[in-house]
Amino acid sequence: MKYEMVVELLCCACCCLPVFIPSFSHSFMSHPGKGHLLSSLPLQSHGDAPPRRHLRSLSPPPLHYHLMDLEAGAYQDKAKATVGGAPKCGFQRAASWRTVLTLAYQSLGVVYGDLSTSPLYVYKSTFAEDIHHSETNEEIFGVLSFVFWTLTLVPLLKYVFIVLKADDSGEGGTFALYSLLCRHARLNSLPSCQLADEDLSDYKKDGLQMSPTGTSFSSRLKSSLERYKVLQRFLLVLALIGTCMVIGDGVLTPSLSDVEVPVACVILIALFALQHYGTHRIGFLFAPVVILWLLCISAIGLYNIFHWNPHVYQALSPYYMYKFLRKTQRQGWMSLGGILLCITGSEAMFADLGHFSQLSIQIAFTTFVYPSLILAYMGQAAYLSKHHLMDSDYQVGFYVSVPEKLRWPVLAIAILAAVVGSQAIITGTFSIIKQCTALGCFPKVKIVHTSSKIHGQIYIPEINWTLMLLCLAVTLGFRDTRRMGNASGLAVITVMLVTTCLMSLVIVLCWNKSILLAVGFVILFGTIEALYFSASLVKFLEGAWVPIALAFIFLIVMCVWHYGTLKKYEYELHNKVPIDWLLSLGPNLGIVRVRGIGLVHTELVSGIPAIFSHFVTNLPAFHQVLVFLCIKSVPVPHVRPEERFLVGRIGPREFRIYRCIVRYGYRDFHKDDMEFEKDLVCSIAEFIRSGNHGVDVDLKDEETMKVVGTCPTQMDGIQVSEVDDQNDGGCPGPSASDHTEIVQVHSSPMKPRRKKRVRFIVPESPEIKVEARDELRELMDAREAGVAYILGHSYVRAKPGSSLFRRAVINVGYDLLRRNCRAPTFDLSMPHESTLEVGMVYPI
């Protein structure tokens, strides 16, 4: 809390600096020693530090402006604690223990609900039909031994101590591993991949990045993955399969509660209706339920151990697993599908990592969840070892081991815990869908950030209600807990196998460790998971087909969308207009240049998009300042504000044509149009001012570009001040015509924008050249006239003569998804009165 107060006080102090009225600039102009005012235009420079600090406050940004620019900094500092106290980035600090413990408390209500409710049905599913509980107790002790070592090796050793360390700058999940591999091996087939992206601070893992040489095997493996496209496609499909299985588990898990169908449906509707309140509120709401449940089952377990069989701890020996398999043989192997349910929810620790922190998840599991589960399973085994002849339907179930006087209260707590258990996979599904969307593998959906402090906490309405409908369908169609357990078990173990495969590559390529370590990882955990996978797969017709069917549907959607998006980008790349064509037109481009800034939105990072030539051919007029704007997602969770923009020039200076590439991580927040326009203009102005100074990025065949940050990060660079022109009295006057030069596509009457007066505050040193000052004046004049957004609206169609499969995928599948998905976030935030769409048909 103290840290939060310090951050808020600093932000408030920045916002509360003195605000100077415009007349101050005239008095400032009379003191040449303090700065310079260019001609009659409001271009200012500063010399001494104090005057500059006051000038920066001419138009103080709102508080959230600072906070969102620190999205990968201050807020992630508190949430993304690291092991050993080392910060993840240079500007991040270790989270306070109070924050870590708070996140650990919240994680109990979100991450561990599913895992903590597994004692309800593990023994019941295991002894359902394949094996029977005999008086020798070899079966019950063997199952206990399997449960203990499975919980110890998979959730504790694999996930808590190994996989969580492979986070992608604090983010987890199957796609985080894939993103990590894409950055280290350059096997990313997604569009807009540039070498310049590798210079981002968060592009490589801190302390774990590949050395320039690497081991001989890792170098050969890396070159093989980069050379063969089939391997790249295989890894992408493998990551998508893991992702789809997580979604399938998210459908099945909420349906595992042991209540009547009408009650279960009401509970499910209420559960999904709560999701829009956000992870932090749900965590605080659900955590007491999980804590009460874990305390309850651990206390009952201790009671059963001491009351019925204090020597049950001997069954923890691996020898009892051997005795179990020797006696039961094939039936014992098939019963492993029920034992597998003891680790359902383990993958949520990694998938939900972005909502919490590595340290908080580790603390919660090792100190509370793991001991409670072990005591619960030992207590059930101790009770069952002394009870062999029971006529109850719950002969080997959970409730039979509960003291009779406590059964009804425990049943009530169990129902609440089962409801909470659904939250882990629902939250993980939101995170994974957002990662897939940002990397071009899922249609655009609405993403709501539910927390201003932890950016990874999100809510997706479309996915939420889709999951609810699927959960209701599964609840109504599969009331047999055993069949649903078989289905959930197969989904869980498939995700774990995919994680093991990708993790072995991360060990070699990203961590630069020995191949023997990776092989040992695969042998140890891959063997265990393959054993459980085979036991689950044999029950395909007994419910295990459900997650495969669900995953197959989602996989088709993801593959079709990714294929269509990739083919569309390749068409634009192959049909882009060469820069020589633009240069041959001369400074005026052979068209009329009008006041204002024209932003041509394109997915290309080089060359001139075909949509621009299509536009000027049909409408030979454009703005005095032309910017080819590319907003792209890079395979990192966050891009620092000081590395947000890549700015370059196309053609000679007098053309006034720029290229600006805006880079966002798949967890970053997209600003609204006014803040974005200000940052964009500021970055171009800083590019003009800096000249040959700054950080150059050579893109080989492309124009040289510079890395430029957002306005608040340029402490020694140009600052932009925009104030409403007070001379217009707040109503449209003669100057309103300045804002009507932009072509509009909406016929409804629009209220004209209030004219703004733009000021550039520039440092006095180094000296700005005359041509740069002229360029800045023209940029200011264009900014005051307004900004127009030119969007290319493309329609993708299969070429005549294409195969039936391609026509079905492009003309039916991709077109259906495109027409029913949301527009990109950037398109939605544009002011409609300044937006022009240019349509084209892409034959692919």
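When reading the values below, keep in mind they use all heavy atoms of this one structure, side chains included, and skip hydrogens, waters and symmetry mates.
Residues Tyr159 and Met496 form a side-chain contact, since some pair of their non-hydrogen atoms from C-beta on lies under 4.5 Å apart. Two residues are said to be in side-chain contact when any heavy atoms from C-beta on lie closer than 4.5 Å; Leu550 and Met245 fail this criterion. At least one side-chain heavy atom of Leu151 sits under 4.5 Å from a side-chain heavy atom of Ile343.
Judged by distance alone, the side chain of Tyr112 and the main-chain N or O of Ile361 form a donor-acceptor pair under 3.5 Å. Looking at Gln362, its side chain does come within 3.5 Å of a backbone N or O of Val160 through a donor-acceptor pair. Proximity of a side-chain donor or acceptor of Ser803 to a complementary backbone N or O of Arg806 within less than 3.5 Å is detected. In this structure a side-chain-to-backbone donor-acceptor pair under 3.5 Å is present from Ser116 to Gly113.
Using cut-offs of 30° and 60° on the angle between ring planes, the pair Trp293 and Phe398 is tilted.
Each of Arg797, Lys568, Lys567 was evaluated against Tyr814; a single residue qualifies, Lys568, per the side chain to side chain contact (heavy atoms under 4.5 Å, CB included) test.
Under 3.5 Å, the side chains of Tyr178 and Thr243 contain no donor-acceptor pair of N or O atoms. Checking Thr152 against Tyr370 by side-chain atom types alone, a donor-acceptor pair falls below 3.5 Å. Judged purely by distance below 3.5 Å, without hydrogens or angles, the side chains of Thr499 and Glu347 never pair a donor atom with an acceptor atom. Using modelled atom types and a 3.5 Å distance limit, the side chains of Ser534 and Trp333 yield a donor-acceptor pair. Between Gln275 and Gln423, the side chains place a donor N or O and an acceptor N or O closer than 3.5 Å (distance only, hydrogens not considered).
Aromatic pair Tyr320/Phe324: centroids not less than 6.0 angstrom apart.
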